[in-house]
Amino acid sequence: MTVAPTAERQVGTALVLTGGGARAAYQVGVLIAIAKLSGKRRHNPFPIICGTSAGAINAVGLACQADNFGKAVSILASFWRNMRAADIYRSDPLGVGASGARWLSALALGWLVGQPPRSLLDNAPLQSLLSRNMDFAGIERSITKGALHAISISASGYESGENINFFQAHPDAQPWHRFQRIGMRTELSVDHLLASSAIPFIFPATRINREYFGDGSMRQVAPLSPAIHLGAERLLVVGAPRRYERNERTQVDDYPSLAQIAGHALSSIFLDGLAVDIERIQRINKTVSAIPEELRQESGIKLRPIETLVISPSERIDRIAAEHADALPWAIKLLLGGIGAMNRHGGALTSYLLFEKPFTRKLIDLGYADTLARSSEVGDFLKL
């Protein structure tokens, strides 16, 4: 993961945006604060941008307008502040009812159903939204102008089991191949975003070339590695889990609901791998710093320190989601209520689907406040 630079240019700082469905609104608040702290509003402080799942949508939004960082952030802010669930997936009674009927038929009469359901929800509105709002040609323009070195988004192949990092970059950037993870140069499109953000079971997989792909957080054993392979020496990671104080273990009498179990599983997919990778890179940095550079060179130790700054929510997002769950369309509330997602124990699952203004605006404000609270640290790290 922490390898010596090869032919890539030393391009400095990378932005790593994690997954998490509607939780990605938090990232926008962080970006608004960074734009405010920067005296050069057009300047992009992140030559390398890496995104996964909903974070991939934010990453591409920045990359399309990398020659004007302030404008790119403003567009993302408007996008998330006016978010509705209907913009992302079918939330009307007919659409939700049809999906529910297909699942019931498959469970009860599976042997009679020719085509099994592909997902719980239909994300056709998201495809339309991205097609209208993402100027993918802007990525290459940004690279040509020197405002962007590389953008990478991750997706997981259901057939191969490999995590693919699709990247569009300066010619200096080279593909890579490690165990279960590949860096593949390509021209990014809506399909890559749909694949990266296809939360398992909830949204359908997307076919790219020979294979169907799902959410990039699945089987992502080293979430920070794409940025490092692309030449980054500093990583700003947004959306990682915060370190909570350990809760007292108490006796629980009620069996966990399906929503609680599903939320637990999704949190494991989206958050655990990143937390482990951050700890790993910090441990490697300590090891590298204890070895003099001359000795590293003489011994052929191909490691280099990678400076990291992690910005995490100061409040529990699942609890915020539980407080705003009522903002969901009634058909979705009815669907989720049946599996226990509309109470405080189901907040984790709800947080991934709560694409509604009261929730996304709350997360934007939280990300903004959390970043400004560390303005000196952020400014020093980004050399603003």
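Computed from a predicted model, the values in this text were never measured in an experiment.
- Considering only residues two or more places apart in sequence or on other chains, D365 meets the side chain to side chain contact (heavy atoms under 4.5 Å, CB included) condition with R81.
- How far OH of Y89 is from CG of N123: 11.5 Å, rounded to the nearest 0.5 Å.
- Hydrophobic cluster membership of L334, counting Ile, Leu, Val, Met, Phe, Trp and Tyr whose side-chain heavy atoms lie under 4.5 Å apart directly or via other members: W330.
- Among residues at least two apart or in separate chains, there is no salt bridge (charged side-chain N to carboxylate O under 4.0 Å, His left out) pair with a member in residues 190-215.
- Annotation: side chain to side chain contact (heavy atoms under 4.5 Å, CB included) contacts of P125 (sequence neighbours excluded): R90.
- Interatomic distance, CD1 of I153 versus SG of C50, reported as 10.5 Å (0.5 Å rounding).
- Partners of K71 under the side-chain hydrogen bond (donor to acceptor under 3.5 Å, both in side chains) rule, at least two apart in sequence or in another chain, do not exist in this structure.
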Stepwise, does the side chain to side chain contact (heavy atoms under 4.5 Å, CB included) test hold for F79 with L129?
CA-CA 10 Å; F79 180 85; L129 181 70; 3.3 Å; yes

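- Taking 4.5 Å as the limit, every side-chain heavy atom of F46 sits out of range of all side-chain heavy atoms of L148.
- Contacts of T308 classified as side chain to side chain contact (heavy atoms under 4.5 Å, CB included), with partners at least two apart in sequence or in another chain: L235, I281, Q282, I306.
- Counting only heavy atoms from C-beta outward, the side chains of P200 and Y158 approach each other to under 4.5 Å.
- Distance alone, capped at 3.5 Å, is enough to place a donor-acceptor pair between the S119 side chain and the L121 backbone.
- Residues in residues 124-134 take part in these side chain to side chain donor-acceptor pair (under 3.5 Å) pairs, two or more places apart or across chains: S128-R132.
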Walk me through it: do I139 and L62 pass the test side chain to side chain contact (heavy atoms under 4.5 Å, CB included)?
CA-CA 9 Å; I139 296 176; L62 289 176; over 6 Å; no

Working note: K286 + R283, criterion side chain to side chain contact (heavy atoms under 4.5 Å, CB included); need CA distance, chi angles, decisive distance, verdict.
CA-CA 5 Å; K286 289 181 181 179; R283 186 169 62 250; 5.8 Å; no

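- With values rounded to the nearest 0.5 angstrom, L193 atom CG is found 10.0 Å from T206 atom OG1.
- In this structure, D135 contributes its side chain and C64 its backbone to no donor-acceptor pair below 3.5 Å.
- The minimum heavy-atom distance between F213 and I208, with the atom names listed, is CE1-O, 3.7 Å.
- Of all heavy-atom pairs spanning F359 and A22, the tightest one is CE2-CB, 3.9 Å.
- Legend: salt bridge (charged side-chain N to carboxylate O under 4.0 Å, His left out) pairs involving residues 43-64, not counting sequence neighbours: none detected.
- Using a 4.5 Å heavy-atom threshold, the side chains of I88 and F355 count as touching.
- Distance check: I164 CD1 to N209 CG gives 10.5 Å after rounding to the nearest 0.5 Å.
- Remark: E187 engages no residue in a salt bridge (charged side-chain N to carboxylate O under 4.0 Å, His left out) (not counting sequence neighbours).
- Using a 4.5 Å heavy-atom cutoff, the side chains of V276 and R280 are in contact.
- Contact check for F166 versus R185: no side-chain heavy atoms found under the 4.5 Å cut-off.
- Between the side chain of Q27 and the backbone N or O of T18 there is at least one donor-acceptor pair closer than 3.5 Å.
- The shortest non-hydrogen separation linking L17 to N58 is CD1-CB, 3.8 Å.
- Residues L382 and R234 form no side-chain contact, since every pair of their non-hydrogen atoms from C-beta on lies 4.5 Å or further apart.
- Here salt bridge (charged side-chain N to carboxylate O under 4.0 Å, His left out) pairs that include residues 142-153, with residues two or more places apart or in two chains, are D67-K145.
- The backbone N or O of A321 lies less than 3.5 Å from no partner atom in the side chain of H324, so there is not a single donor-acceptor pair.
- N82 places a side-chain N or O within donor-acceptor distance of the main-chain N or O of S78, the cut-off being under 3.5 Å.
- In the hydrophobic clustering of this structure, I75 does not group with L130; members are Ile, Leu, Val, Met, Phe, Trp, Tyr whose side-chain heavy atoms approach within less than 4.5 Å, directly or through other members.
- Residue L188 holds its CG atom at 10.0 Å from CZ of F167, rounded to the nearest 0.5 Å.
- Looking at residues two or more places apart in sequence or on another chain, you find a side-chain hydrogen bond (donor to acceptor under 3.5 Å, both in side chains) between S154 and N165, Q220.
- With hydrogens and angles ignored, the 3.5 Å screen pairs no side-chain donor or acceptor of S38 with any backbone N or O of I34.
- Atom CG of D370 and atom OG of S314 lie 3.5 Å apart (nearest 0.5 Å).
- Remark: side-chain polar atoms of Y368 are not paired, donor with acceptor, to backbone N or O of L363 under 3.5 angstrom.
- Side-chain atoms of S156 and R219 include no donor-acceptor pair closer than 3.5 Å.
- By the 6.0 Å contact criterion, NZ on K36 is open, its count of non-hydrogen atoms from other residues, nucleotides or ligands being 12 or less.
- Aromatic rings of F203 and Y352 (six-membered ring for Trp) have centroids beyond the 6.0 Å cut-off, not under it.
- Residues I143 and Q168 form a side-chain contact, since some pair of their non-hydrogen atoms from C-beta on lies under 4.5 Å apart.
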Begin from the C-alpha positions of H229 and Q174 and carry the test side chain to side chain contact (heavy atoms under 4.5 Å, CB included) through to its verdict.
CA-CA 8 Å; H229 279 294; Q174 299 298 314; over 6 Å; no

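- A donor-acceptor contact shorter than 3.5 Å links the side chain of E356 to the backbone of A85.
- At distances below 3.5 Å, at least one donor-acceptor pair connects side-chain atoms of Y26 with backbone N or O atoms of S312.
- Under the side chain to side chain contact (heavy atoms under 4.5 Å, CB included) criterion, R374 pairs with L309, I311, E377, V378, sequence neighbours left out.
- Here the shortest heavy-atom pairing between G55 and A24 reads N-CB, 4.3 Å.
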Taking it one step at a time, do R178 and S225 satisfy side-chain hydrogen bond (donor to acceptor under 3.5 Å, both in side chains)?
CA-CA 10 Å; R178 298 292 186 270; S225 68; over 6 Å; no

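- Of all the heavy atoms in A150 and A169, the pair that sits closest is CB-CB, 3.4 Å.
- Here the closest heavy-atom approach between residue A77 and residue I364 is recorded as O-CD1, 4.4 Å.
- Remark: side-chain polar atoms of D87 are paired, donor with acceptor, to backbone N or O of R84 under 3.5 angstrom.
- At least one side-chain heavy atom of I202 sits less than 4.5 Å from a side-chain heavy atom of L349.
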